[in-house]
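Here the structure comes first, spelled out in structure tokens, and everything after it is commentary.
FYI, side chains are in, hydrogens and waters are out, and symmetry mates aren't considered; it's all heavy atoms of this structure.
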Amino acid sequence: MTRLNSNQVIALLLALLSVGYLAMAWQIPSFPLPRPIDSDLFPKVLGFTLLGLSVLLFLEKPKAKDVPEALDPNELQQPLLLRPWARVVVTAIALALYALLLVPVGFVLTSVALVFGLAAYYGYRRHWVNLATALGVVLGLYLTMTRIMGVYLPTGVLPI
């Protein structure tokens with residue numbers, strides 16, 4: 001038997017995740033009134049899409065250029081928090097903090113902090129433009145979701 005490459009291992013893990021997600025999607029109760037699109041449609045489509053993409057990832061043949069021969073010397077000279085693997089870790093920690101602080105602090109403040117903080121971390125240095133963009137996008141989403149679509153989003157410490 002041949003050895004699995006990293007893409008195939010990731011594909012198997014994603015396939016297991018999607019099967020578990022689909023099992024949970026089938027537990028969503030149907031709406032009592034007949035409707036063409038029920039509440040379980042989007043989770044099921046998402047689960048099957050992830051399962052299909054994991055199959056495609058498993059079947060993909062790796063190219064020789066996809067596997068680096070050695071570490072890039074420029075990458076080793078960068079500060080620890082600016083290396084590519086550290087950026088993934090910092091982004092994951094930022095998203096976990098976002099999820100933890102969403103209800104107590106509120107959607108607007110946590111979303112602005114996430115967008116502004118990650119943009120600054122990834123190197124965007126025009127802070128006023130960054131802040132204006134983060135505020136505009138987040139407030140636009142918040143007002144659209146709460147006022148037009150009727151979706152509840154946590155207000156937190158802001159009396160919006």
Side-chain angles (χ1 to χ4, degrees), residues 6-60 66 75 78-160:
S6 60
N7 280 355
Q8 291 174 329
V9 171
I10 293 171
L12 290 174
L13 292 174
L14 284 175
L16 287 173
L17 180 74
S18 66
V19 168
Y21 184 81
L22 281 169
M24 289 187 288
W26 249 274
Q27 303 300 320
I28 297 174
S30 296
F31 197 76
L33 298 175
R35 333 187 305 189
I37 298 176
D38 209 354
S39 58
D40 63 342
L41 178 69
F42 181 72
K44 289 178 183 175
V45 168
L46 191 62
F48 280 118
T49 303
L50 182 61
L51 185 61
L53 289 173
S54 63
V55 168
L56 290 176
L57 181 63
F58 187 85
L59 298 175
E60 182 183 46
D66 290 341
E75 186 178 308
Q78 290 180 339
L80 182 65
L81 287 177
L82 295 179
R83 294 182 185 169
W85 62 268
R87 290 181 184 232
V88 173
V89 172
V90 168
T91 303
I93 291 171
L95 289 174
L97 282 173
Y98 175 78
L100 289 172
L101 296 175
L102 185 62
V103 173
V105 177
F107 176 80
V108 173
L109 289 179
T110 53
S111 297
V112 167
L114 179 74
V115 170
F116 180 82
L118 285 180
Y121 173 68
Y122 279 108
Y124 192 74
R125 296 291 170 233
R126 295 180 63 191
H127 298 303
W128 288 110
V129 173
N130 186 10
L131 183 63
T133 303
L135 278 171
V137 169
V138 169
L139 285 175
L141 283 172
Y142 181 79
L143 294 174
T144 301
M145 298 286 279
T146 57
R147 304 285 193 257
I148 297 172
M149 300 174 86
V151 175
Y152 169 77
L153 292 174
T155 57
V157 296
L158 292 180
I160 296 178

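- Shown here for D40 and A25, the closest heavy-atom pair between the two residues is CB-O, 4.1 Å.
- To the nearest 0.5 Å, atom CG of residue L109 and atom CG of residue L135 are 9.0 Å apart.
- Checked against side chain to side chain donor-acceptor pair (under 3.5 Å), T49 has no partners two or more places apart in sequence or in another chain.
- Expressed to the nearest 0.5 Å, how far CD1 of I10 lies from CG of L17 amounts to 13.0 Å.
- The nearest pair of heavy atoms linking S54 to A11 is O-CB, 3.2 Å.
- Partners of S111 under the side chain to side chain donor-acceptor pair (under 3.5 Å) rule, at least two apart in sequence or in another chain, are Y98.
- In this structure, the side chains of L57 and E60 come closer than 4.5 Å at one or more pairs of heavy atoms.
- Between the CG atom of L114 and the CG atom of L95 there is a distance of 5.5 Å, given to the nearest 0.5 Å.
- With sequence neighbours excluded, the residues satisfying side-chain contact (heavy atoms from CB on, under 4.5 Å) with L141 are V137.
- Enclosure of atom OH in Y121 by more than 12 non-hydrogen atoms of other residues, nucleotides or ligands within 6.0 angstrom is indicated.
- Here M145 pairs with M149, V151, L153 under the side-chain contact (heavy atoms from CB on, under 4.5 Å) rule; sequence neighbours left out.
- Remark: Y124 pairs with no residue by the side chain to side chain donor-acceptor pair (under 3.5 Å) rule, at least two apart or across chains.
- Evaluation of the ring-ring contact (aromatic ring centres under 6.0 Å, His included) test over residues 8-28, restricted to residues two or more places apart or in two chains, returns W26-F48.
- Within the structure, no pair that satisfies the side-chain hydrogen bond (donor to acceptor under 3.5 Å, both in side chains) test touches residues 151-160, not counting sequence neighbours.
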Residues 126-133 side chain polar contacts: donor-acceptor under 3.5 Å, at least two apart:
{"unit_1": "N130", "atom_1": "ND2", "unit_2": "F116", "atom_2": "O", "d": "3.2"}
{"unit_1": "T133", "atom_1": "OG1", "unit_2": "V129", "atom_2": "O", "d": "2.8"}

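- Scored by the side-chain contact (heavy atoms from CB on, under 4.5 Å) test, L12 finds L4, F58 as partners (sequence neighbours excluded).
- A side chain to side chain contact (heavy atoms under 4.5 Å, CB included) with L139 holds for exactly one of V108, V112, T144; it is V108.
- L51 contributes atom CG, which lies 10.0 Å from atom CG of L16 (distance to the nearest 0.5 angstrom).
- Residues Y122 and T91 bring a donor and an acceptor atom of their side chains to less than 3.5 Å of each other.
- In terms of the side-chain contact (heavy atoms from CB on, under 4.5 Å) criterion, residue partners of L56 (sequence neighbours excluded) are, by chain and number, L53.
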